[in-house]
Amino acid sequence: MAATQTTNMTVGSPARHILKFALPLLIGNLFQQLYNMVDSIVVGNFVGSDALAAVGTCGSTNFLFFSLSSGLAIGIGVIVSQYYGANDEENVRATIANSFYVLISAALSVSLIGILVTPHILRLLQVPESILPSSILYMRTTCLGIVGIATYNGIAAILRALGDSRTPLYFLILSSLVNVGLDLTFVMAFGWGVFGVALATILSQFISAISCLAYAYYKVPYFKLTREELRPHGSIIKRSFRLGVPIALQSSMIAVSCMALQGVVNGFGETVMAAFTVTARIEQLVQQPYMSLASAVTTYSGQNIGAGQVDRVKKGFRQATLMVLIFSLSMIPVMYLGGESLVRLFVKDNPEAVIIATRALRMTSLCYFGLGMIYVPRGLMNGCGDAAFSMINGISEVVCRLSFAQIFTKIPVIGFWGVWLTTGATWVTTAVVCLIRYFQGAWKHKAITGKSEIKVTYSQNAQKSTGIFCAKSTKLL
């Protein structure tokens, strides 16, 4: 059985596979950033810089809650890609069937926790009292969309694991355009302010989730699951959590460190907060090519490690590194010559924030290659199933971001510029950690295929008809 638009990356040119796969991801990631970009532009221009600061200060907290569920989606995608590379159709279907239990249960739990703890987290971040109510409202509203995010991310991760990076793009474009329209309607026509942009975001996320699910069910054979196939398999669920939880914790630790840095930023007042929000939004755009390459490398390395082709994984890594270098060097003149114009898209009523953000972009652009060399090794090792690295990577970012922030911002001559020095130094140091882990080679032996495989058994009637597997499973030792 072959799913629509699937791609076998175990043969052919690695560079071609990675670029062809990464391009739709890049376009999709750019459209996904419209959620935050449009929110910031609409709020900054039609509500005010204080409202922009309120939305911006929720960014790292949002990332924390979203990453807890999206990390599981990445883990599920890794499992599917390895089984697909190993031509193990039964376990592909079994993983897809059980992914719904993993994702929905995690998303509901995180959503409830987020709504309950939001005020406490924002107070810990020293959010100014003048914008605290707006920040709480924005954060709690967006938490209601975590189920939609988890559903979309899960389906998209599975499709990408099967080599289809184009289909998720179409639904991201749809939801992004809906988000833009709803943002303008809710803020400019209805005057709902911060609540309006949050509501527009979650409605758009549910639209992308429902649309993608409908497509997968009707067009992708692997998603046509029967009642028997949808019965929970404890072994598969356990495996999904075992690989997905470290990735989720990795992202969560990074989010916590970003929240700690946001707390430092908040201590410098609303002008620095607005400038930091703008640079964070622009750097999110810069990160999209790196993220796209990392996702492509994850699928590529997952399929190839599942097929036992370690040399192809190494070759793909070298070619992806060259792509990172070319893009990173090209972005330096962009930030030096056009940084101010980019900043003014977000904020116009605070000239001091414009100056700070422009200089900060020039500073951090010199470290973009370090940023890219976090993503590519991370993508490779995630794809190979190196769960231990996920924790190492998360811890290194936490330690760097916390320690550098305390050192740099306490130096009087540096002051608030230490926030952006912290960002650049964290990227470079974490990249070194990632490269050390890559060259140590532990990832070569982390593939789940061939070790404690889940063997799905079939009933006689199912074998005669559609190949449905029964609910019981055994272990291959």
Side-chain angles (χ1 to χ4, degrees), residues 33 35-66 114-145 179 182-184 186-188 190-202 255-284 343-357 360 405 409 415-416 418-420 422-423:
Q33 286 307 305
Y35 287 135
N36 291 328
M37 294 277 291
V38 172
D39 288 354
S40 299
I41 292 172
V42 171
V43 170
N45 286 278
F46 298 105
V47 184
S49 59
D50 284 355
L52 176 62
V55 171
T57 199
C58 296
S60 55
T61 310
N62 259 328
F63 179 54
L64 169 63
F65 294 143
F66 294 167
I115 291 171
L116 293 176
V117 305
T118 284
H120 307 292
I121 291 179
L122 293 178
R123 287 190 175 92
L124 283 175
L125 293 177
Q126 304 178 50
V127 174
E129 289 295 329
S130 60
I131 64 173
L132 183 60
S134 295
S135 297
I136 293 174
L137 177 62
Y138 181 83
M139 189 69 243
R140 280 181 160 168
T141 305
T142 54
C143 279
L144 296 174
N179 184 61
L182 292 178
D183 262 338
L184 296 174
F186 291 162
V187 174
M188 297 179 65
F190 296 169
W192 288 352
V194 168
F195 170 73
V197 294
L199 181 61
T201 297
I202 67 170
V256 169
S257 68
C258 290
M259 289 166 60
L261 183 60
Q262 181 70 57
V264 174
V265 172
N266 295 347
F268 288 107
E270 282 143 4
T271 294
V272 175
M273 288 172 64
F276 185 75
T277 298
V278 171
T279 58
R281 292 290 187 262
I282 293 173
E283 285 169 353
Q284 283 173 359
V343 169
R344 290 187 180 278
L345 290 174
F346 295 88
V347 59
K348 298 178 181 178
D349 63 348
N350 193 330
E352 187 179 356
V354 172
I355 293 172
I356 293 172
T409 59
F416 63 75
V419 171
W420 288 280
T422 294
T423 298

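Quick note: numbers below take in every heavy atom, side chains included, and nothing from hydrogens, waters or symmetry partners.
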Closest non-hydrogen atoms of Thr142 and Ala198, given as atom of the first, atom of the second and distance, are CG2-CB, 3.9 Å
On a heavy-atom basis, the closest approach of Ala200 and Asp183 is CB-OD1, 3.5 Å
Contact check, side chains of [X] and [Y], non-hydrogen atoms, under 4.5 Å:
{"X": "Val264", "Y": "Phe276", "value": "no"}
{"X": "Phe186", "Y": "Val197", "value": "no"}
{"X": "Val278", "Y": "Ile356", "value": "no"}
{"X": "Ile131", "Y": "Met273", "value": "yes"}
{"X": "Thr279", "Y": "Thr423", "value": "no"}
{"X": "Leu182", "Y": "Leu199", "value": "no"}

Taking atom [atom1] of [X] and atom [atom2] of [Y], what is their separation to the nearest 0.5 Å?
{"X": "Cys143", "Y": "Leu116", "atom1": "SG", "atom2": "CG", "result": "9.5 Å"}
{"X": "Thr409", "Y": "Leu261", "atom1": "OG1", "atom2": "CG", "result": "8.5 Å"}
{"X": "Thr141", "Y": "Ile136", "atom1": "OG1", "atom2": "CD1", "result": "11.0 Å"}
{"X": "Thr118", "Y": "Arg140", "atom1": "OG1", "atom2": "CZ", "result": "6.5 Å"}

Classify the ring geometry of Trp420 against Phe416: parallel below 30°, tilted from 30° to 60°, perpendicular beyond 60°.
perpendicular
Exercise: do Ser130 and Glu270 side chains pair donor with acceptor under 3.5 Å
yes
Sorted by chain and residue number, the side chain to side chain contact (heavy atoms under 4.5 Å, CB included) partners of Ala353 (sequence neighbours excluded) come out as Thr271, Ala274, Ala275, Asn350
